[in-house]
Amino acid sequence: MASASATLLKSSPVIDKCEWVKAQTLRHTPPLSVVRCNPALTIRASYADELVKTAKTVASPGRGILAMDESNATCGKRLASIGLENTEANRQAYRTLLVTAPGLGQYISGAILFEETLYQSTVDGEKIVDILLQQNIVPGIKVDKGLVPLAGSNDESWCQGLDGLASRSAAYYTQGARFAKWRTVVSIPNGPSALAVKEAAWGLARYAAISQENGLVPIVEPEILLDGEHGIDRTFEVAQKVWAEVFFYLAENNVLFEGILLKPSMVTPGAESKDRATPQQVSDYTLKLLHRRIPPAVPGIMFLSGGQSEVEATLNLNAMNQSPNPWHVSFSYARALQNTTLKTWGGRAENVKAAQDALLFRAKSNSLAQLGKYTGEGESDEATKGMFVKGYVY
């Protein structure tokens, strides 16, 4: 038994204190004590190589993530904005439009799906997961169960969904998902309290460990909300605290850093701040945060847009890629990829091609931004409109 466990340990790419102890005590200690050093690592050994490969595939040059994991209720809000009823048929039609856009995989490496979509077929009867794989896009899945009030806090939230997560993750893997997403939030106007930050970090770490043990690369997303009148320095201060806590608890839970992806907020002023930041300022502050808090072992930083306009999110990403980074610095956008697409479609079959062209234009723009080559040519007025909603709920 000890021999088998030791073999599994050797097959894992994780390097931690256990390996140091092994090197220092090999002459004096039987191998069994090495296995006991951190037995949790043996659990993930069968998935370790696959997790690293999946993370690197999603974090591939010139590509990013299409976040299309809106809950049915949120998707209903999107459809209502173009005068459509929130029915499964309408949700299916819109998601079919997205995943069948010709050549989408040239710019998109992963797509985050809602549970309904993971098991859904297109309007033509093909499984959406299969369509994504044909496009060379890795299917992902939203696994959290949403935000609820955090008792004992300053009117803050915590994210639920850990109960039953292991069995759900195993089922999602069987269905074809290879990465997961868990979104929790931190509110600057409400503190944030030490309790809320700790709860966010601990929940993300538990989710990440459970995901990896079931073959899913976890996207770690503590969204620092744009709400507030604070300046960019206050955002930076809070972000440093949040990411310090997150990585402390990721390490405590033996999470394999090479097999995760991050989905952070860019460091910007609050949406209601009098002071606006240029793309260069956003880049400077955000990269300073990454260098101070994110280990180079993490393969991909897939930024959320958080209510920025389509163009603003692309410009900020482009500024961050004007010089080399230790990580793949890219995007995981929802509204900042879909807004113009949705309005162009309007629920009309004759507009599908124009809507797909709008999606491809937006995806290509962000692909160029990931490479640091975005110029801003050909942008529409719609793409410059901000999408911040105060107190936004998914």
Side-chain angles (χ1 to χ4, degrees), residues 40 67 69 71 73-74 112 141-169 179-214 216-228 230 234-257 259-268 270 289-290 292-295 298 301-304 306-307 332 390-394:
D69 57 322
S71 66
T74 301
I112 313 172
I141 177 71
K142 168 187 164 73
V143 299
D144 68 74
K145 294 293 185 179
L147 301 170
V148 291
L150 177 61
S153 72
N154 183 27
D155 194 27
E156 295 165 286
S157 301
W158 67 284
C159 188
Q160 58 187 348
L162 290 177
D163 289 351
L165 179 58
S167 59
R168 286 189 286 122
S169 297
F179 69 96
K181 188 196 96 164
W182 176 286
R183 173 187 177 263
T184 192
V185 301
V186 172
S187 171
I188 292 180
N190 289 3
S193 67
L195 172 64
V197 173
K198 190 178 294 291
E199 175 58 47
W202 177 255
L204 285 166
R206 290 305 306 141
Y207 138 78
I210 293 167
S211 295
Q212 288 190 337
E213 289 193 354
N214 290 282
L216 301 179
V217 169
I219 290 183
V220 177
E221 182 184 1
E223 179 175 354
I224 299 172
L225 297 172
L226 277 176
D227 303 59
H230 54 276
R234 176 60 177 154
T235 306
F236 181 79
E237 177 188 358
V238 171
Q240 283 197 105
K241 176 63 175 173
V242 169
W243 282 105
E245 291 274 306
V246 167
F247 273 96
F248 174 79
Y249 286 118
L250 287 173
E252 287 282 288
N253 282 272
N254 301 308
V255 171
L256 172 63
F257 288 177
I260 67 174
L261 296 167
L262 305 187
K263 187 168 179 175
S265 311
M266 297 179 191
V267 180
T268 66
L289 170 71
L290 296 185
R292 286 189 182 181
R293 288 292 183 265
I294 312 303
V298 175
I301 317 290
M302 323 299 286
F303 281 99
L304 60 89
S332 177
K390 189 173 182 177
Y392 184 73
V393 179
Y394 283 74

Exercise for the section: List the steps, then state whether side-chain contact (heavy atoms from CB on, under 4.5 Å) holds for Arg206 with Leu165. Expected result: CA-CA 10 Å; Arg206 290 305 306 141; Leu165 179 58; over 6 Å; no
Problem - Ser153 side, atom OG; Asn190 side, atom CG - distance, nearest 0.5 Å - result: 8.0 Å
Exercise for the section: Find the distance between CD (Glu223) and CG (Leu225) and round it off to the nearest 0.5 Å. Expected result: 5.0 Å
Problem - Distance, nearest 0.5 Å, that separates CE of Met302 from CD1 of Ile112 - result: 9.0 Å
Report, one line per pair, each donor and acceptor closer than 3.5 Å where one atom sits in a side chain of residues 193-203; sequence neighbours left out.
unit_1 : atom_1 : unit_2 : atom_2 : d
Ser193 : OG     : Glu156 : OE1    : 2.6
Ser193 : OG     : Ala196 : N      : 3.0
Lys198 : NZ     : Tyr249 : OH     : 3.1

Exercise for the section: Decide yes or no on side-chain contact (heavy atoms from CB on, under 4.5 Å) for Ile219 and Trp182, but give the supporting numbers first. Expected result: CA-CA 7 Å; Ile219 290 183; Trp182 176 286; over 6 Å; no
Exercise for the section: In sequence, state the C-alpha distance, the side-chain angles, and the governing distance for Val143 and Arg168, and then conclude on side-chain contact (heavy atoms from CB on, under 4.5 Å). Expected result: CA-CA 8 Å; Val143 299; Arg168 286 189 286 122; 4.3 Å; yes
Practice task
Would you check if Val220 and Leu261 make a side-chain contact, meaning some heavy-atom pair closer than 4.5 Å?
Solution key: no
Practice task
May I have all residue pairs that pass salt bridge (charged side-chain N to carboxylate O under 4.0 Å, His left out) and include part of residues 143-154, sequence neighbours excluded?
Solution key: Lys142-Asp144
Handout entry: Straight-line distance of Ser265 OG to Ile188 CD1, nearest 0.5 Å
Key = 8.5 Å
Handout entry: Lys241 with Glu237: basic N within carboxylate O range, under 4.0 Å
Key = no
Completion exercise
Heavy-atom nearest pair, Gln212 first then Pro218, reads CG-CD, 3.6 Å
Practice task
Indicate yes or no: at least one non-hydrogen side-chain atom of Leu204 is less than 4.5 angstrom from one of Leu250.
Solution key: no
Exercise for the section: Would you check if Thr184 and Glu221 make a side-chain contact, meaning some heavy-atom pair closer than 4.5 Å? Expected result: no
Practice task
Kindly indicate whether the side chain of Val238, heavy atoms from C-beta on, has any atom under 4.5 Å from the side chain of Pro192.
Solution key: yes
Exercise for the section: Determine the minimum heavy-atom distance between Lys263 and Ala67, stating which atoms define it. Expected result: NZ-CB, 3.8 Å
Practice task
Could you pull out the closest heavy-atom pair between Leu289 and Trp243, with the gap in Å?
Solution key: CD2-CD1, 4.1 Å
Completion exercise
Rounded to the nearest 0.5 Å, the CE atom of Met266 sits from the CD1 atom of Ile301 at a distance of 12.0 Å
Problem - Steps toward side-chain contact (heavy atoms from CB on, under 4.5 Å) verdict (Leu147, Trp158) - result: CA-CA 5 Å; Leu147 301 170; Trp158 67 284; over 6 Å; no
Exercise for the section: For residues Phe179 and Leu216, determine if any side-chain heavy atom of one lies less than 4.5 Å from a side-chain heavy atom of the other. Expected result: no
Problem - Close side-chain approach of Ile294 and Phe257, heavy atoms under 4.5 Å - result: no
Practice task
Heavy atoms only: give me the nearest Pro222-Val242 pair and the separation to one decimal.
Solution key: CB-CG1, 3.9 Å
Problem - Donor-acceptor contact below 3.5 Å, side chain Asn214 vs main chain Ser169 - result: no
Fill in the blank from the handout: One should read off an interatomic distance between Leu262 CG and Ser332 OG, to the nearest 0.5 angstrom, of 11.5 Å
Practice task
Over all heavy atoms of both residues, which pair between Asp227 and His230 is shortest? Give the atoms and the distance, please.
Solution key: O-CE1, 3.2 Å
